[in-house]
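Beneath this line is the structure, given in structure tokens, with notes to follow.
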Amino acid sequence: MDHQLISGITYLFVALIIGVIATLFFLLNPLKSDENQQISIRYFTLLFLSNSCFYVALLVTPFVSHLLSIILANTFFTLALHSLRFGLRWRANVTNNHLYQDAYFWVNLILILFLNVWLFYIFENSFEIRQVVSSINLLLIYIIAIKYIFIDKSHPSSGEKKFQRILYVLIPLPFFVIVPNFLFTDDFLNQSLNFVWMIIQTIILFGSLMLLLFSDVIDMHYRNSITDSLSGLFNRRHFMEQASVMISSANRHRFPMSIILCDIDQFKQVNDSYGHNAGDKVIVAFAQALQSQAREEDVVARFGGEEFIVLLPQTDAEGAVISAERMRTTAENIVVSTGKAILNFTVSFGVATFDNSINIEANIKHADEALYLAKKAGRNQVKMYSENSQDSNI
Ligand SMILES: Nc1nc2c(ncn2[C@@H]2O[C@H](COP(=O)(O)OP(=O)(O)OP(=O)(O)O)[C@@H](O)[C@H]2O)c(=O)[nH]1
């Protein structure tokens with residue numbers, strides 16, 4: 001059999017295997033619970049499928065017309081790279097449009113097709129020229145992709161940082177794809193080298209996207225393990241961990257620290273009168289209000305059913321009572337609309353300033369005692385813990 005035909009078939013086979021493995025990996029990815037991630041995974045899958053089609057189109061030159069091969073190859077290539085851009089955009093939640101609604105994609109595609117046809121007539125069978133056009137396109141998309149890697153720029157994940165670094169490594173690769181064409185006169189050798197570069201590029205891209213998705217999965221599991229699913233606040237376990245770290249820091253540096261423990265008033269009645277969903281809405285509304293009233297360094301958590309806790313570093317008793325009072329009035333003004341009615345609710349607060357000689361549990365107990373007094377005194381108020389609890393007041 002012809003030498004070129006055997007290598008052509010081998011290339012197609014390799015391209016197909018890469019495409020199938022990548023597709024299976026992305027379709028079986030465990031990140032399916034998040035809609036944004038789901039869409040971005042579909043785009044990553046499209047990237048590898050179209051990348052494989054690109055190789056196939058490029059290597060079918062002996063079987064179809066040269067012009068058709070160039071046009072198909074570049075079309076799939078453009079599709080592959082724009083899929084990368086769109087996958088990252090969905091992941092970072094920066095778009096509601098799909099690829100087919102993207103003007104930049106269509107302009108790019110039309111330009112590529114126009115250039116292909118034009119260059120074909122000018123340079124006839126020039127493999128080099130179409131490599132240059134593809135490489136410039138590839139370069140542009142990698143540069144644009146760098147912009148959309150980070151979901152939260154202030155807290156980049158390790159996968160995001162690694163993926164960014166890998167994209168920087170990928171940027172010069174398109175130029176290496178062109179180099180063999182100018183170095184060697186043997187077409188077969190050139191085509192083989194081109195293919196090797198493309199495979200390397202795909203494997204790097206595939207590996208780094210895997211890395212990015214795995215780090216997303218790890219982040220997601222970590223986030224789930226420290227947050228409460230209903231309110232989105234930290235859960236009790238994470239609060240206790242954070243609190244013990246902050247206590248030792250407060251002890252060492254001798255700064256004051258306070259705790260606010262609060263409980264939604266007559267919450268059982270809300271559930272009984274309006275239903276459990278209405279109760280959940282109240283919890284979410286109050287959690288958001290609490291978070292919005294807290295400072296950046298405060299730790300806000302859902303402590304139990306309708307009970308919440310806030311740890312306030314660098315805050316003395318007076319400051320904590322002012323904060324709690326602000327939270328109380330904010331809660332009083334929240335309006336929650338349910339299917340049946342529009343409802344208001346109130347919250348009681350117990351405040352304790354840290355006694356460094358005792359542990360976190362004992363300090364929380366102090367705040368709980370103050371909260372109990374607030375409930376006993378008629379609810380919707382703030383009480384401060386004092387040694388003689390019966391006298392504690394704001
Ligand atoms: N909807 C909803 N209800 C919850 C959740 N967690 C706990 N609850 C309910 O919250 C209610 C708490 O009621 P109680 O402990 O009697 O307290 P309360 O009615 O708020 O009365 P006071 O605290 O004395 O003002 C119970 O009926 C729980 O079932 C939740 O996640 N969602």
Side-chain angles (χ1 to χ4, degrees), residues 33-34 220-221 223-243 258-294 298-311 320-321 323-352 361-386 389-394:
S33 56
D34 182 319
M220 186 183 74
H221 284 301
R223 244 192 343 269
N224 289 347
S225 76
I226 64 169
T227 49
D228 162 56
S229 59
L230 177 64
S231 64
L233 298 179
F234 289 135
N235 58 24
R236 185 184 186 123
R237 188 161 49 96
H238 186 66
F239 175 86
M240 296 304 274
E241 282 166 9
Q242 290 283 100
S258 298
I259 290 185
I260 298 175
L261 192 66
C262 48
D263 186 283
I264 303 173
D265 295 329
Q266 312 284 21
F267 191 63
K268 194 172 177 315
Q269 265 181 30
V270 175
N271 272 338
D272 293 348
S273 320
Y274 303 100
H276 210 78
N277 281 347
D280 284 355
K281 276 191 178 176
V282 167
I283 287 181
V284 172
F286 179 58
Q288 285 167 354
L290 207 56
Q291 187 78 73
S292 72
Q293 291 304 314
D298 295 347
V299 183
V300 185
R302 185 174 176 203
F303 211 50
E306 80 300 10
E307 200 173 40
F308 298 81
I309 193 160
V310 187
L311 185 78
V321 169
S323 293
E325 193 54 43
R326 202 177 50 230
M327 290 166 183
R328 191 193 63 76
T329 45
T330 306
E332 213 174 26
N333 293 317
I334 295 173
V335 178
V336 176
S337 68
T338 71
K340 287 185 201 161
I342 288 176
L343 57 103
N344 292 91
F345 60 94
T346 60
V347 183
S348 301
F349 292 77
V351 179
E361 283 84 4
N363 279 301
I364 292 173
K365 196 163 168 290
H366 286 172
D368 197 32
E369 280 171 28
L371 173 62
Y372 173 75
L373 288 178
K375 290 273 182 187
K376 215 168 81 170
R379 300 182 174 86
N380 190 23
Q381 52 195 283
V382 177
K383 289 283 182 189
M384 174 76 208
Y385 172 82
S386 77
S389 278
Q390 299 310 311
D391 302 337
S392 62
N393 217 320
I394 60 164

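In each ligand, atom 1 is the first atom listed, and ligand 1 is the first ligand listed.
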Would you say the side-chain atoms of Gln381 pair up with the backbone N or O of Arg379, donor to acceptor, closer than 3.5 Å?
yes
Please report the interatomic distance NZ(Lys281) to CG(Leu230), rounded to the nearest 0.5 Å.
12.0 Å
Shortest protein heavy-atom distance from atom 32 (N) of ligand 1, along with the residue and atom involved:
Asp280 OD1, 2.7 Å
Tell me which one of Lys268, Glu306, Gln269, His276 gets a heavy atom nearest to atom 15 (O) of ligand 1.
Glu306
Is there a side-chain contact between Ile264 and Phe308 (heavy atoms, below 4.5 Å)?
yes
Report yes or no: does Glu307 have a heavy atom closer than 4.0 Å to ligand 1?
no
Taking Ser225's backbone N and O only, do any of them form a donor-acceptor pair with Asn235's side chain (distance below 3.5 Å, no angle check)?
yes
Any nitrogen or oxygen of Gly279 lying under 3.5 Å from a nitrogen or oxygen in ligand 1? Just yes or no.
no
Nearest 0.5 Å, what's the CD-CE distance between Glu325 and Met327?
11.5 Å
What residue and atom, counting heavy atoms only, is the protein's closest point to atom 31 (O) of ligand 1, and at what distance?
Arg302 NH2, 2.6 Å
Which heavy atom of the protein is the closest neighbour of atom 20 (O) of ligand 1, given with residue, atom name and distance?
Phe267 N, 2.7 Å
Identify the protein heavy atom lying closest to atom 22 (P) of ligand 1, giving its residue, its atom name and the separation to 0.1 Å.
Lys375 NZ, 3.4 Å
Below 3.5 angstrom, do we get any N/O pair linking Ile283 and ligand 1?
no
For Asp265, the ligand 1 atoms whose distance to one of its heavy atoms is below 4.0 Å
20 (O), 25 (O)
If you have a sec, work out which protein heavy atom is nearest atom 6 (N) of ligand 1 and how many Å separate them, to one decimal?
Gly305 CA, 3.2 Å
Give the residue, atom name and distance (to 0.1 Å) of the protein heavy atom nearest atom 9 (C) of ligand 1.
Asn271 ND2, 3.4 Å
Counting only N and O atoms by type, is there a donor-acceptor contact under 3.5 Å from the side chain of Arg326 to the main-chain atoms of Gln293?
yes
Donor-acceptor pair, distance only, cut-off 3.5 Å: does the side chain of Ser348 make one with the backbone of Asn380?
yes
Per-atom filter on ligand 1: closer than 4.0 angstrom to a heavy atom of Arg379 are 22 (P), 24 (O), 25 (O)
Carboxylate-amine/guanidinium proximity below 4.0 Å for Lys365 and Glu361:
no
